[in-house]
Amino acid sequence: MGGNKRLYKVGRTFVALLIAGGLVLTFFNRDAISMGQKEKEGILTAEQINISFQDIGGKLVLENVKEAQQVKQGDVLMALDNTDIDLAIAKLEAQIKQSSGSIDIGMEKATTVEEQTYRSIEQCKKSYDAARSTFANKELYYQRMKKLLATGAVSQLELDNAQTDLEVCRAEMVRAERSLNELLAGTEPQDRMKVLTTDDASGIYLPTIEQTRKELANDLYNVESMKIALQELKVQKERLTLKAPEDGKILTIIARQGEMVAVNTPVILLESMRYYYDIYVDEITAAKLHEGDLITGTAVASGKTVQGRIRLLTTAPGFADIKMSREKGQADLAAFQVRIYTEPGEGILPGMTIKVDSDELLKR
């Protein structure tokens, strides 16, 4: 009986202390609900980046970093075998050089042929004029011989000889005219008239030369296409060397030296220097916050001040509204997610808890 009384007294004392402790916590706002309303906490997280070779694969021949190594933007991390691309670049450069040389020679030859054709036309025009003049003289001579034959002053043989000379000159004139027409074939009427009236062929349109230049121009377009292909190969060669996109720390090396790497397959996991933490607030507090607001937090472990800015303010996932899951005592209100980005600092490491006082959130 005495033992039961003793247990009863101990139980009464425990209950009394429990009630008294609860009242004290409530009075000083140190209970779970009050603390949840007063302080918001989030885990500092560093954004992680999967790094891969862009649109290219191959054999990994250089592994230039180790796990946990700090790297700077632009540092060489890895490299793939570049033998095949080097050969393709050398082959294409040789083709471009050869084609460019052929085009240059072709252009020079076209210019030379053009000048020679101008001179040939002028020479042919002179030959045609000479043939016409000779034919005219021979025709006069023939007509004179015909008259003299009628008077008996010349023989029939002399007339026949004069006629033969006339026909030879006629044939020579026709041949010269035909040669001139062949050289002027396809020219514009005004160009033809220029040659016939001035004996100067310089600068006239020559269709064969123009066609040659068009063909060379097409070849030049092909060279430009090859130059673009060469530039693409050089870009691919640059992509064979993997560089750090930003400052950070190597977390995981996925591919090892000597392995074959598939296109766009991650080979390194990088922890960036972009830090953030999330806190969850009720809708009343959220209404007073804006993206871009400066927020001052405190690292729980070190007590250091952590400056940051709100980059994301949005409705929180449904689990954040469940009582006791995130912010204690906030189940009766819709929760909002506040993502705050901060700069790295001494004594501030990913994984640490950052605390933000509610007064910091409501002072706006």
Query raised in the report: Can you name the residues that form a ring-ring contact (aromatic ring centres under 6.0 Å, His included) with Y341, not counting sequence neighbours?
Result: Y276

Query raised in the report: Are side-chain heavy atoms of I279 and L361 found at a separation under 4.5 Å?
Result: yes

**Report entry** Q307: side-chain contact (heavy atoms from CB on, under 4.5 Å) partners, not counting sequence neighbours
**Finding:** L294, T296, T305

Report task. Taking side-chain contact (heavy atoms from CB on, under 4.5 Å) as the test, write out the residues that go with S100, two or more places apart. Result -> I96, V223

**Report entry** Set of side-chain hydrogen bond (donor to acceptor under 3.5 Å, both in side chains) partners for D247, sequence neighbours left out
**Finding:** none

Query raised in the report: Atom CG in L230, atom CG in L92: separation rounded to 0.5 Å?
Result: 5.0 Å

**Report entry** Donor-acceptor side-chain pairing of Y118 and E122 below 3.5 angstrom
**Finding:** no

Please set out all donor-acceptor pairs under 3.5 angstrom arising from side-chain atoms of residues 130-152, sequence neighbours excluded.
residue, atom, partner, partner atom, Å
T134, OG1, A130, O, 2.9
N137, ND2, S133, O, 3.3
T151, OG1, L148, O, 2.8

Query raised in the report: Considering all heavy atoms of both residues, which atom of F53 and which atom of A79 are nearest to each other, and what is their separation?
Result: CZ-N, 4.1 Å

Query - Partners meeting side-chain hydrogen bond (donor to acceptor under 3.5 Å, both in side chains) with E232 (sequence neighbours left out) - result: none

Query raised in the report: D357 and D359: which non-hydrogen atoms are nearest, and at how many Å?
Result: OD1-N, 2.8 Å

Query - Any donor-acceptor pair under 3.5 Å from Q257 side chain to L62 backbone - result: no

Requested in this report: Give the minimum heavy-atom separation between L251 and Q48, together with the two atoms involved.
Outcome: CD1-NE2, 3.4 Å

**Report entry** Shared hydrophobic cluster, I121 / I209 (ILVMFWY, side-chain heavy atoms < 4.5 Å)
**Finding:** yes

Query raised in the report: Can you check whether A244's main-chain N or O pairs, donor with acceptor, with D75's side chain at less than 3.5 Å?
Result: no

Query raised in the report: With a 4.5 Å heavy-atom cut-off, do Q337 and Y280 have their side chains touching?
Result: yes

Requested in this report: Scan for side-chain hydrogen bond (donor to acceptor under 3.5 Å, both in side chains) pairs involving residues 54-69, sequence neighbours excluded, and state none if there are none.
Outcome: D55-N264, E63-R256

Report task. Please indicate whether Q156 has more than 12 foreign heavy atoms, meaning atoms of other residues, nucleotides or ligands, lying under 6.0 Å from its CD. Result -> yes

Report task. For D104, check side-chain contact (heavy atoms from CB on, under 4.5 Å) against everything at least two apart and list the hits. Result -> none

Query - Joint cluster assignment, M273 & L270, ILVMFWY side-chain distance < 4.5 Å - result: no

Query - Spatial distance of atom CD1 (I250) from atom CD (Q70) [nearest 0.5 Å] - result: 9.0 Å

Requested in this report: Report the distance from atom CD of E291 to atom CZ of R309, rounding to the nearest 0.5 Å.
Outcome: 13.0 Å

**Report entry** Spacing of CD belonging to E283 relative to OG1 belonging to T315, to within rounding of 0.5 Å
**Finding:** 9.5 Å

Report task. Determine, using the 4.5 Å side-chain heavy-atom cutoff (strictly less than), whether I43 and V300 are members of one ILVMFWY cluster. Result -> no

Query - Joint hydrophobic cluster, M107 plus L206, side-chain heavy atoms closer than 4.5 Å - result: no

Query raised in the report: Any Lys/Arg nitrogen of D86 or K237 sitting under 4.0 Å from an Asp/Glu carboxylate oxygen of the other?
Result: yes

**Report entry** Pair E115 + R119: basic N to acidic O under 4.0 Å
**Finding:** yes

Report summary line: Sorted by chain and residue number, the side-chain hydrogen bond (donor to acceptor under 3.5 Å, both in side chains) partners of T83 (sequence neighbours excluded) come out as D81

Requested in this report: Show the numbers, then the answer: is there a side-chain contact (heavy atoms from CB on, under 4.5 Å) between N50 and L269?
Outcome: CA-CA 5 Å; N50 285 315; L269 180 62; 3.3 Å; yes

Query raised in the report: Does L349 sit in a hydrophobic cluster with other residues, and if so which ones, taking ILVMFWY side chains as linked at heavy-atom separations under 4.5 Å, directly or through other members?
Result: M352

Requested in this report: Check whether any side-chain heavy atom of F336 sits under 4.5 Å from a side-chain heavy atom of L289, and report yes or no.
Outcome: no

Report task. Please answer: with hydrophobic residues joined when any side-chain heavy atoms are less than 4.5 Å apart, are L233 and L242 in the same cluster? Result -> yes

Report task. Using side-chain hydrogen bond (donor to acceptor under 3.5 Å, both in side chains) as the criterion, list what pairs up with Q236, not counting sequence neighbours. Result -> none

Query raised in the report: What distance do I105 atom CD1 and T112 atom OG1 have between them, rounded to the nearest 0.5 Å?
Result: 11.5 Å

**Report entry** Test item: E172 and V168 side chains (from C-beta on) under 4.5 Å apart, heavy atoms
**Finding:** no

Report summary line: For A110 and T212, the nearest pair of non-hydrogen atoms, with its separation, is CB-CG2, 4.3 Å

**Report entry** Minimum side-chain heavy-atom gap L77-V267 below 4.5 Å
**Finding:** no

For residues 177-184, which side-chain N or O atoms pair as donor and acceptor with protein atoms under 3.5 Å away, sequence neighbours left out?
residue, atom, partner, partner atom, Å
S179, OG, R175, O, 3.1
N181, OD1, R192, NH1, 3.4
N181, OD1, R192, NH2, 2.3
N181, ND2, E177, O, 3.2

**Report entry** K194 atom NZ, neighbour heavy-atom count above 12 within 6.0 Å
**Finding:** yes

